[in-house]
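For the numbers below, each heavy atom of this structure counts, side chains included, while hydrogens, waters and symmetry mates do not. First listed ligand is number 1; within each ligand, the first listed atom is number 1.
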Amino acid sequence: MNFEYTEEHLAVRDAAREFAQAELLPGVIERDTEAKFPTEQIKKMGELGFMGMMVDPKYNGGGMDTVSYVLAMEEISKIDASASVSMSVNNSLVCWGLEKYGNEEQKEKYLKPLASGEIIGAFCLSEPEAGSDATSQKTEAVLDGDHYILNGTKNWITNGNTASVYLVIAQTDPAKGHKGISAFIVEKGLDGFIVGKKEDKLGIRGSDTHSLMFTDVKVPVANRIGEEGFGFTFAMETLNGGRIGIAAQALGIASGAYELALAYSKERKAFGKTISQHQAIQFKLADMATSIEAARLLVYKSAILKDQGKDYSYASAMAKLYASQVAMDVTVEAVQVHGGYGYVKEYHVERLMRDAKITQIYEGTSEIQKIVISRAILR
Ligand code: CAA
């Protein structure tokens, strides 16, 4: 067992840290208040190679390992979880899904610009009546010559308006249940494809979350990913890796709040000494640091298993379950350490507390992670 980072890991972490401080921190409060997508910042993240980190360089990716990706996600999420969810969806769901299961033409046409960050992608599984119960897809794709005719609605889609390419999961044979679900690459701008309303959210307010409507959208057969009926497995496998990205996001949110609380505790004085000299605060900091470290080990372990080509589905569910709970607990405590200042925007921790909550909901709620874990244990 080796707990050392490589030189490359440290270089990636430092580059992400510097970028987050220099480019994401200024304006993060305004973007949250105004629910403004970080367009310029995401463009720069693409130029720096953060949008397709693990993709093979022959498809314009960074060719890095999952540990590097996790380190970058953590640093970006400490400062701006809205930017990091776009990064996570593009890397873990869209690029990974296309690189692993797309054919050569699909990779040339779609993966290359997605991995370089020239365009960004979205992953469309959730529906108004199919969130956790992902087998109950109502969106339908009916074969008609060399096209499928796509009809349905998708909800809660990250990068919903800013994406150019959408991976859409749809029923192609409802009688077959989850084995009748297929995955498609859908381009923005096709007739009948409408981007619906933007959600007004509690947290990650800078990310653009939209519903999408498809009415008789003609999707070429060439844009189906894998065989008909492969879509559910495609979605599940993609989400296994996506959960590592969201676990890293949760870890970053927790670490960011902890670092702010630690620094504040050394400055703020009460009863004649800094609050860091009061045991009530020391114990909070000790609990925060310990739970973050435990979450970090789970997140890194799931990344390492993925890099080693081993099964990481259950490890990534554990990492996401635990890190998202830690993000919630630590951010609440960070607000408490800040007292009244923690409750105002200027000190950042209230935003991190609001951002933390989504990590227990998207890419499978905590209850879904427990289903995945308990099934693996009992198998
Ligand atoms: N990895 C690989 N395959 C899996 C899998 C996993 N984690 N979970 C299930 N499967 C496979 C099963 O092996 C089975 O395949 P076979 O029939 O070939 O054996 C098939 O999928 C069906 O499995 P189940 O019978 O277990 O399916 P289920 O309906 O009982 O439940 C579930 C599965 C785990 C609850 C699943 O529906 C699920 O994960 N739901 C949550 C969906 C989710 O995470 N949505 C997030 C949306 S994306 C998002 O949030 C992105 C964003 O914007 C940030």
Exercise for review: Tell me yes or no: between the side chains of S77 and S84, is some donor less than 3.5 Å from an acceptor?
Suggested key: yes
**Study point:** Minimal non-hydrogen separation, E363 against L93, with atom names
**Key:** OE2-CD1, 3.4 Å
Check your understanding: Which one of I120, L167, I119, T238 satisfies the side-chain contact (heavy atoms from CB on, under 4.5 Å) criterion with V94?
Key -> L167
Point to revise | Test side-chain hydrogen bond (donor to acceptor under 3.5 Å, both in side chains) applied to Q106 and Y101, step by step | key: CA-CA 10 Å; Q106 292 169 346; Y101 291 113; over 6 Å; no
Practice item. Can you sort out the partners of Y69 under ring-ring contact (aromatic ring centres under 6.0 Å, His included), two or more places apart, ordered by chain and number? Key: none
Practice item. Keeping the roles fixed (side chain from N91, backbone from M87), state whether a donor-acceptor pair exists under 3.5 Å. Key: yes
Which protein N or O atoms sit under 3.5 Å from any N or O of ligand 1? Give atom names and distances.
residue: ligand 1; atom: 1 (N); partner: N240; partner atom: ND2; Å: 2.9
residue: ligand 1; atom: 7 (N); partner: N240; partner atom: OD1; Å: 2.9
residue: ligand 1; atom: 17 (O); partner: H178; partner atom: NE2; Å: 2.6
residue: ligand 1; atom: 17 (O); partner: K179; partner atom: NZ; Å: 3.0
residue: ligand 1; atom: 18 (O); partner: K179; partner atom: NZ; Å: 3.1
residue: ligand 1; atom: 26 (O); partner: R375; partner atom: NH1; Å: 2.4
residue: ligand 1; atom: 30 (O); partner: R375; partner atom: NH1; Å: 3.2
residue: ligand 1; atom: 30 (O); partner: R375; partner atom: NH2; Å: 3.1
residue: ligand 1; atom: 37 (O); partner: S132; partner atom: O; Å: 3.3
residue: ligand 1; atom: 39 (O); partner: R243; partner atom: NH2; Å: 3.3
residue: ligand 1; atom: 40 (N); partner: S132; partner atom: O; Å: 2.8
residue: ligand 1; atom: 44 (O); partner: R243; partner atom: NH2; Å: 3.0
residue: ligand 1; atom: 44 (O); partner: G364; partner atom: N; Å: 3.0
residue: ligand 1; atom: 50 (O); partner: E363; partner atom: N; Å: 2.9
residue: ligand 1; atom: 53 (O); partner: T158; partner atom: OG1; Å: 2.7

